[in-house]
Q: 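A single structure is presented below for examination.
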Amino acid sequence: MKLKKKDLLGIEGLEKEEIELILSTAASFKEVSTREIKKVPTLRGKTVINLFYEPSTRTRTSFEIAAKRMSADAINISVASSSVKKGETLRDTALNLEAMNPDCVVIRHSSSGAPHMIARHLKSSVINAGDGAHEHPSQALLDMFTVKERLGGLSGVRLLIVGDIAHSRVARSNILGFTKMGASVTVCGPPTMMPEGISAMGCSVSHDMEALLKDADVIMMLRVQLERQKEALFPSVREYSRLYGLDAGKLRKARKDALILHPGPINRGVEISPEVADGPWSLILEQVTNGVAVRMALFYLLIGGVKE
Amino acid sequence: MKRLLLKGGRVLDPASSMDGVYDIFVMGGRVASIKPSSEARGENPQVGEGWDIIDCAGKLVIHGLVDAHTHLREPGEEYKETIKTGTQAASAGGVTTVMCMANTKPANDNESMTRYIVKKAAEEGLVNVFPVGAITCGLKGEALTEFASLKDAGCVAVSDDGRPVTSGTLMRRALEYSRLFGLVVISHAEDAVLAADGVMNEGAVSTRLGLKGIPDAAEEAMVARDISLAELTGARLHIAHVSTAGAVALIKAAKKRGAGVTAEVTPHHLALTDEVVSGFDTDFKMNPPLRAKKDVEALREGLNDGTIDSIATDHAPHSSIEKDVEFDHASFGVVGLETSLGVVLGLVSQGVLTLRKAVEAMTINPARIFGLDTGTLMVGSAADMAIVDLERKWIVDPARFRSKGRNTPFKGMELRGKVVKTIVNGNVVYDGEI
């Protein structure tokens with residue numbers, strides 16, 4: 001069985017069954033990364049281009065490793081965002097890459113909708129590796145995979161997402177993904193970081209983190225971009241951390257078995273304290289491990305086998 | 001002398017409260033007489049040799065549309081539009097008079113630029129063109145332009161449209177000074193700091209799409225400021241492209257107090273909500289942005305109750321260079337001259353407004369706001385007319401536009417009601433199939 005679509009642009013366009021297929025496929029690929037020889041021949045002869053318009057270490061490396069463990073040829077292109085304006089257009093870049101006949105283009109871009117735009121122009125599959133504040137579907141899939149692996153399922157799970165919801169593509173994809181799978185999602189942060197009408201995406205909204213902790217099975221902390229302080233989204237790092245940082249004190253109000261997630265990179269001492277990040281219920285590094293398996297599954301489901 | 005008879009159409013002229021089947025006799029580019037339809041009286045029309053006859057039976061005959069808000073891009077951005085192509089587009093849309101905004105390159109902020117536009121329009125324009133002069137030099141918001149010279153050269157209003165006049169003091173001076181000349185000051189009402197780098201309406205849709213939002217308050221804060229300044233100065237203020245329910249409420253209250261304020265709305269803000277942005281199609285990106293359902297409802301109500309006086313397109317052609325890019329980076333603006341009547345007639349057939357109201361808002365009302373001698377078919381007036389087939393259905397195909405701009409939010413949409421002929425000064429300038 002394969003995904004019915006050419007591209008993975010967001011969780012929004014995925015059916016529940018498709019998410020289940022991706023997660024179960026990822027489960028079967030996870031073992032490959034534990035082998036002595038970490039490689040399967042499944043995508044031999046396929047070409048994957050990682051086109052990154054934003055700096056990224058984790059996601060780009062994860063996609064690259066996933067492609068290579070599937071025996072695809074992976075090429076990385078990093079485009080400094082400063083040269084975007086004077087350089088060629090995104091459309092032209094995409095068409096030039098297409099002329100080299102790749103099978104899949106993985107794109108990260110600071111503008112929401114950029115992957116959708118190039119997907120309209122390309123015959124090859126496009127995977128959205130994060131577009132603006134819109135979606136980051138592979139991150140949500142690996143988050144769902146991680147929680148499902150620990151808790152056995154997603155239905156009925158109570159997820160709490162804390163931080164800068166307004167600027168977070170991770171939050172949006174996870175709200176869509178977890179609610180599709182029957183989980184309930186609450187988002188929490190100061191009103192300055194809460195976008196207008198977010199509840200229309202199917203989540204509840206609250207500003208009181210301490211009151212929410214006791215009812216969360218999974219706590220997902222989002223990275224605070226420190227430069228947002230200039231936009232007056234929070235007055236100081238210290239005050240943000242006091243209200244919305246997860247430290248040992250706040251964690252005592254949570255369930256004893258609550259799982260801690262963070263998409264990384266973490267700001268130690270800002271949104272998450274070292275003892276929590278490194279503590280027994282932190283799945284932060286497990287998320288990274290699972291990211292490779294989920295991306296292997298995505299490649300397999302989108303470009304595996306012979307094209308029709 | 002050229003003679004033209006428009007025979008047996010339904011003539012609707014709100015300014016003279018005329019609505020019935022009439023023959024219109026045109027001589028020397030002017031309406032010579034209007035008589036009850038000869039056929040209705042069982043007679044042949046009373047014309048002899050040398051008359052061109054257009055059979056308008058079953059068609060609607062109205063004064064040509066007066067579009068008080070267009071961007072013709074010439075001089076400076078002729079690859080987007082020229083006075084020639086822009087007025088061709090106008091003619092195809094039944095528009096016989098356009099006002100063109102000052103944000104050309106360089107800006108229309110001095111007398112010689114205005115004279116150039118007027119001359120070029122006389123030579124190459126298919127319809128009447130009235131320039132709008134800039135309020136501030138180079139649209140920079142720093143120094144007032146020479147209103148007297150601009151008016152002498154042919155400007156009928158002043159506006160920095162495309163940009164707000166950020167300084168409240170400068171806007172106050174512009175309004176005060178405009179009183180000397182009876183020039184209407186057109187406000188592009190936007191608090192640029194609040195709008196920041198927003199690219200669409202702020203709301204549930206922008207949140208879902210992760211696009212930066214432009215809050216209603218960015219418009220409303222500036223509408224409130226400019227109304228206050230109009231009341232302070234006693235000047236005539238016109239609010240361009242009203243898009244939010246809050247702005248409608250502010251204007252309604254101001255009018256009730258007797259402030260010298262008028263307002264316009266675009267067909268796209270009347271017809272579409274921000275939901276259509278979902279596919280990141282940049283042909284839905286304009287400023288002000290498409291708003292929410294509550295706003296569309298308020299705009300329709302405002303048009304009906306007279307809070308909003310007129311409909312104007314904000315015709316803003318762009319090329320693929322500006323539009324075939326990421327949504328964040330695309331230029332704001334959509335074309336509208338060739339679809340405005342079809343879109344508004346669609347609203348008429350949905351019962352949103354009456355045909356009379358629609359025609360009023362697109363002809364006599366904008367003419368009166370800006371003191372233009374046009375907008376009515378009364379005997380003696382210039383024979384600027386549109387013949388419209390109210391029943392004809394057509395699909396908007398940008399490839400067939402006269403405009404160089406293809407950036408329409410109505411592409412692929414089926415519209416009902418099409419201009420079949422457009423007449424300017426007694427000459428047929430758009431000759432579609434009747």
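Order of the sequence lines fixes the chain letters, A, B, ..., with proteins taken first and strands second; residue numbering starts at 1 for each chain.
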Q: For the NZ atom on B/Lys294, are there more than 12 heavy atoms of other groups (residues, nucleotides or ligands in this structure) within a distance under 6.0 Å?
A: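 Yes, because the 6.0 Å sphere around NZ of B/Lys294 holds more than 12 heavy atoms from other groups.
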Q: Taking heavy atoms only and a threshold strictly under 4.5 Å, list by residue number the residues of residues 160-178 of chain A that touch chain B; give 'none' if the list is empty.
A: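 The residues closer than 4.5 Å to chain B, in numerical order, are A/Arg172.
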Q: Determine the minimum heavy-atom distance between A/Ala114 and B/Glu326, stating which atoms define it.
A: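 Smallest interatomic distance, heavy atoms only, reads CB-CG, 4.1 Å.
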Q: So does B/Arg400 have more than 12 non-hydrogen atoms from other groups sitting under 6.0 Å from CZ?
A: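 Atom CZ in B/Arg400 is not crowded, with 12 or fewer foreign heavy atoms closer than 6.0 Å.
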Q: Among A/Ser111, A/Pro195, A/Gly197, single out the residue with the greatest number of heavy-atom pairs under 4.5 Å to chain B.
A: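 Max contact count across the listed options: A/Ser111.
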Q: Report yes if the side chains of B/Asp324 and A/His121 come closer than 4.5 Å at any heavy-atom pair, otherwise no.
A: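 Side-chain contact under 4.5 Å: yes.
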Q: Residue by residue, which of residues 187-214 of chain B have a heavy atom closer than 4.5 Å to a heavy atom belonging to chain A?
A: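 The list, in residue order, reads B/Glu202, B/Gly203, B/Ala204, B/Thr207, B/Arg208, B/Leu209, B/Gly210, B/Leu211.
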Q: Does a sphere of radius 6.0 Å around CD in A/Glu20 hold more than 12 heavy atoms from other residues, nucleotides or ligands, not counting ones at 6.0 Å or beyond?
A: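 Atom CD in A/Glu20 is crowded, with more than 12 foreign heavy atoms closer than 6.0 Å.
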Q: Could you tell me the separation between the CG atom of A/Leu90 and the NE2 atom of B/His329, rounded to the nearest 0.5 Å?
A: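 A/Leu90 atom CG to B/His329 atom NE2 measures 9.5 Å (nearest 0.5 Å).
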Q: Taking heavy atoms only and a threshold strictly under 4.5 Å, list by residue number the residues of residues 130-141 of chain A that touch chain B; give 'none' if the list is empty.
A: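 Residues in range: A/Ala133, A/His134.
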Q: How would you list all residue pairs meeting side-chain hydrogen bond (donor to acceptor under 3.5 Å, both in side chains) that involve residues 187-207 of chain A, not counting sequence neighbours?
A: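 Listed once each, the pairs would be none.
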Q: Just wondering, more than 12 heavy atoms not from B/Lys252 lying within 6.0 Å of its NZ?
A: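 Atom NZ in B/Lys252 is not crowded, with 12 or fewer foreign heavy atoms closer than 6.0 Å.
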Q: Using 0.5 Å steps for rounding, measure from the CZ atom of B/Phe327 to the OG atom of A/Ser112.
A: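 With rounding to 0.5 Å, CZ (B/Phe327) is 10.0 Å from OG (A/Ser112).
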